[in-house]
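Contents: one structure, followed by commentary.
As the structure is a prediction and not an experimental result, all values here were calculated from the model. Each chain gets a letter, A, B and so on, in the order the sequences are listed, and its residues count up from 1.
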Protein chains: 2
Amino acid sequence: MGRAENTRQRLQEEAIRLFFERGFDGVTVEEVAAAAGVSHMTFFRHFPTKESVVLDDPYDPILGEAVARQDPDLPALERIRRGVLDAWETVDDPGDAMTRQKIELAASHPSLRARVWENNRRTEEVLIRALTETGTPRFEATIAAGAVMGALTAALFDWAERRDDTLGGMVTSAMELLDAMGASR
Amino acid sequence: MGRAENTRQRLQEEAIRLFFERGFDGVTVEEVAAAAGVSHMTFFRHFPTKESVVLDDPYDPILGEAVARQDPDLPALERIRRGVLDAWETVDDPGDAMTRQKIELAASHPSLRARVWENNRRTEEVLIRALTETGTPRFEATIAAGAVMGALTAALFDWAERRDDTLGGMVTSAMELLDAMGASR
DNA sequence: TACGGGCATGTTAGTCACTAACATTCTTGA
DNA sequence: TCAAGAATGTTAGTGACTAACATGCCCGTA
């Protein structure tokens, strides 16, 4: 691990620790940088915004590939739904303490939640591309991607507040519910 | 219209005009305030953030009531879907120029999009309440609300970029698509 | 009409996220 | 060992937003 990588990791750990202790607004970037033993400029060289030190998860490519892998004859919503479940199994243990803390933090503060949605936008674009490249009309792909990401994110924030299930269990039951919802017509 | 109301409206009109001319980042709050003939403090007394001068639409209660009105025996997703369509008809002409400009602006800039999502959160809570009060389990209501708002917002941003339909037409076909998606199992 | 109280606004002086420009110190390969 | 080049530091900003306090304006009432 190079010097930069090491600094980056220290910044992230100290940031999350401090945000948990005193809240996101209760800690300045200066303080995070000081705790990691660097100046505030170094913080911003590693993370473009204060929020991004909490939210830096690059799931997108895995998700896109998993969706692209589904049977093209299935409806769009179903392909994304199955892709999400497949991708979930691929990822190496997202149930660790650090990830849980990040999700809790993200759910706890407006400006962090807002960034989560902005990240989702990138993910939605990946999903839309995976679908349209296999024949789904663009608008349909857009709606399906929005619906799944909306449901998933709502579930994630709900989970962060209540935590009465594992992360994986929550994702699975969210997708199952979404599946069952359409079944009544 | 009182003095305050008048100031507020001037601020909003000047803000949207300037944001369109020079971009959201190309205009400072100072400049918006100056254009409206007030100081920057007055701006912040009327709008809590720079973003909120663009995003101040209180649809939520109408939507909540429309959803609550639907047949409780229908599945959650379907009740929200129908509620959205009903509420759309209730609202007095949301297809006017100002609204269109606001949506275009909102779609055009990351920090504005982020606020849209944060507003959606309030709307989702209203939807969840309307559903749970008529017997839908909480988690199911959460997923359904997230899915519909996710689909709707994705459609809205897509529309802002392409504008090859009316707003109302887009909302209707988005809801129809969402409806048709579940139909295949 | 004068006045008094409350509401809308102004002034000033901050804090904090974030950026640009330039200087300094490590680190690494030839 | 000695340059690059990478990583970091320093300094001086800009701009969103806040707190505290001062001023001006509009209203009903005496």
- Task: Please report the shortest heavy-atom distance between A:V53 and A:Q12, naming the atom on each side.
- Result: O-NE2, 3.0 Å
Round to a whole Å and report the spacing from [atom1] of [X] to [atom2] of [N].
{"X": "B:F19", "N": "D:dG15", "atom1": "CZ", "atom2": "C1'", "value": "13 Å"}
{"X": "A:F47", "N": "D:dA7", "atom1": "CZ", "atom2": "C1'", "value": "15 Å"}
{"X": "A:E5", "N": "D:dT8", "atom1": "CD", "atom2": "C1'", "value": "16 Å"}
{"X": "A:E51", "N": "C:dA17", "atom1": "CD", "atom2": "P", "value": "9 Å"}
{"X": "A:D25", "N": "C:dT15", "atom1": "CG", "atom2": "P", "value": "17 Å"}
{"X": "A:R22", "N": "C:dC16", "atom1": "CZ", "atom2": "P", "value": "11 Å"}
{"X": "B:N6", "N": "D:dC25", "atom1": "CG", "atom2": "C1'", "value": "14 Å"}
{"X": "A:H46", "N": "D:dT8", "atom1": "NE2", "atom2": "C1'", "value": "8 Å"}

- Under a 4.5 Å side-chain heavy-atom rule over Ile, Leu, Val, Met, Phe, Trp and Tyr, are A:L105 and A:M98 clustered together? yes
- Query: When the ring planes of A:W117 and A:F157 are compared, do they come out parallel, tilted or perpendicular, using 30° and 60° as the limits?
  - Reply: perpendicular
- Message: Once you measure the plane-to-plane angle for B:F47 and B:F43, does it fall in the parallel (<30°), tilted (30-60°) or perpendicular (>60°) bin?
- Response: tilted
- Note: contacts of residues 37-44 of chain B with DNA chain D (heavy atom, under 4.0 Å) are B:H40, B:M41, B:F44
- Message: Checking side-chain polar atoms at under 3.5 Å, does A:R79 have a donor or acceptor matched by the opposite partner on A:T134?
- Response: yes
- Hey, which of these two, B:R45 or A:P48, hits DNA chain C nearer its 5' end, going by closest nucleotide? B:R45
- Query: With a 4.0 Å cut-off on heavy atoms, is B:V27 in touch with a base, just the backbone sugar-phosphate, or nothing at all?
  - Reply: sugar-phosphate
- Query: Under the 3.5 angstrom rule, does the side chain of B:R113 hit a backbone N or O of B:A107 as a donor-acceptor pair?
  - Reply: yes
- Task: Salt-bridge test for A:R162 and A:D158: reply yes if a basic N is under 4.0 Å from a carboxylate O, no otherwise.
- Result: yes
- Task: Would you please confirm or rule out a distance under 4.0 Å between OP1 or OP2 of C:dA8 and any side-chain N or O of B:T7?
- Result: no
